Student: 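Mind looking over this structure? Questions follow.
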Amino acid sequence: MTIVSPAAQTAPTQITPAPELSVGLADTVDLALAAFGADERTIRAGRLAVTRGQVTAIFTETVREQPEHGWLPMVDILADLTERVAEGKSLRTLVARIAEDKAREEEATEAGHYRWCTGQCITHQYAEQHGGGTYIEHVGKSVDLKISDGHDTIELTATLGADEALMTGGPSVYLTPPEGNGCFLDGPALDTVIADVEKFLDGLKTMRPQIETERKAVQS
């Protein structure tokens, strides 16, 4: 198949789709680059970039469906890095987080703790009449969300943790407001919350330009 650049009468560029990606996004990128007069080397680089992205996305999805292999932290960082680069965001906070996690992992040498424990874990000793035994309440990193209009404030805190006294025993995220009950979120439940928050942010991004449009209409 031959595509000629519409911008200039350049020589035709021959495209040979790779057999493993004969249709789909990679071919679309090939055609778009060729239409603007890209050479074969640039077209191949574009196809490789798209293919790597697709392979990474499939790998990430597979690991998240089967987190027991221990690769989840790595793919989470990779996904965060990809999103930041794609949106032109600073990598400083991500680099700082990686360094912080590595330092914490190296320090967490005490047996019976997770590598993400912050050193604030609580050991509970239960009396015999209450079943006896020693249980650790593991405490990880927390992130806070504060939304304020200058008068009223909405707050929400998410904390990574694991309470050995509970039936589940495994790690989860505890989502809490300043007052009232919170929610324990395991992996699938947290995935749902993340998806809902992303939809919420998309909605806010849609509303933002509408505010400006209405403001300009009032001022005109």
Side-chain angles (χ1 to χ4, degrees), residues 1-106 114-116 140-141 143 158 160 171 173 185-206 208-209:
M1 182 177 182
T2 302
I3 302 294
V4 179
S5 168
Q9 296 300 318
T10 58
T13 302
Q14 187 69 30
I15 302 175
T16 305
E20 68 275 13
L21 287 172
S22 58
V23 295
L25 181 59
D27 283 342
T28 300
V29 172
D30 282 359
L31 295 173
L33 290 174
F36 284 92
D39 58 25
E40 191 68 32
R41 182 178 180 181
T42 302
I43 293 173
R44 175 173 171 76
R47 172 175 283 276
L48 285 175
V50 172
T51 303
R52 289 185 183 119
Q54 290 175 323
V55 170
T56 300
I58 294 172
F59 175 70
T60 300
E61 182 179 350
T62 302
V63 170
R64 285 176 173 168
E65 291 176 351
Q66 303 175 13
E68 65 273 9
H69 297 296
W71 294 336
L72 190 56
M74 179 187 69
V75 300
D76 283 344
I77 289 176
L78 182 60
D80 193 359
L81 175 62
T82 301
E83 181 178 343
R84 288 175 181 272
V85 171
E87 296 183 359
K89 295 180 179 178
S90 172
L91 300 181
R92 290 182 180 179
T93 55
L94 178 60
V95 172
R97 192 187 86 190
I98 294 173
E100 183 179 305
D101 290 344
K102 181 175 177 58
R104 184 180 298 118
E105 182 176 351
E106 291 175 349
Y114 294 96
R115 61 184 180 183
W116 44 258
K141 185 185 300 182
V143 290
L160 177 63
V173 167
L185 305 171
D186 59 8
L190 186 57
D191 288 339
T192 299
V193 171
I194 291 172
D196 290 343
V197 170
E198 289 176 346
K199 292 178 182 177
F200 181 76
L201 290 176
D202 287 340
L204 290 180
K205 292 176 182 178
T206 300
R208 184 63 184 92

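Only heavy atoms go into these numbers, but all of them, side chains included; no hydrogens, no water, no symmetry mates. As the structure is a prediction and not an experimental result, all values here were calculated from the model.
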Student: Measure the CG-CG distance between Leu160 and Leu185 for me, rounded to the nearest 0.5 Å.
Tutor: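 Nearest 0.5 Å value for the CG-CG distance: 11.5 Å.
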Student: Nearest 0.5 Å, what's the CG-CG distance between Asp196 and Asp191?
Tutor: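 Going from CG on Asp196 over to CG on Asp191, the span is 11.0 Å.
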Student: Which atom pair, heavy atoms only, marks the closest approach of Ile43 to Ala34?
Tutor: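 Taking Ile43 first and Ala34 second, the nearest heavy atoms are CD1-CB, 3.9 Å.
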Student: List the residues meeting side-chain hydrogen bond (donor to acceptor under 3.5 Å, both in side chains) with Thr192, not counting sequence neighbours, and say none if there are none.
Tutor: none
Student: How close do Thr42 and Leu33 get, heavy atom to heavy atom, and via which atoms?
Tutor: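 Shortest heavy-atom separation between Thr42 and Leu33 comes out as O-CD1, 3.9 Å.
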Student: Can you measure from OG1 (Thr206) to CG (Leu201) and round to the nearest 0.5 angstrom?
Tutor: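 Going from OG1 on Thr206 over to CG on Leu201, the span is 10.5 Å.
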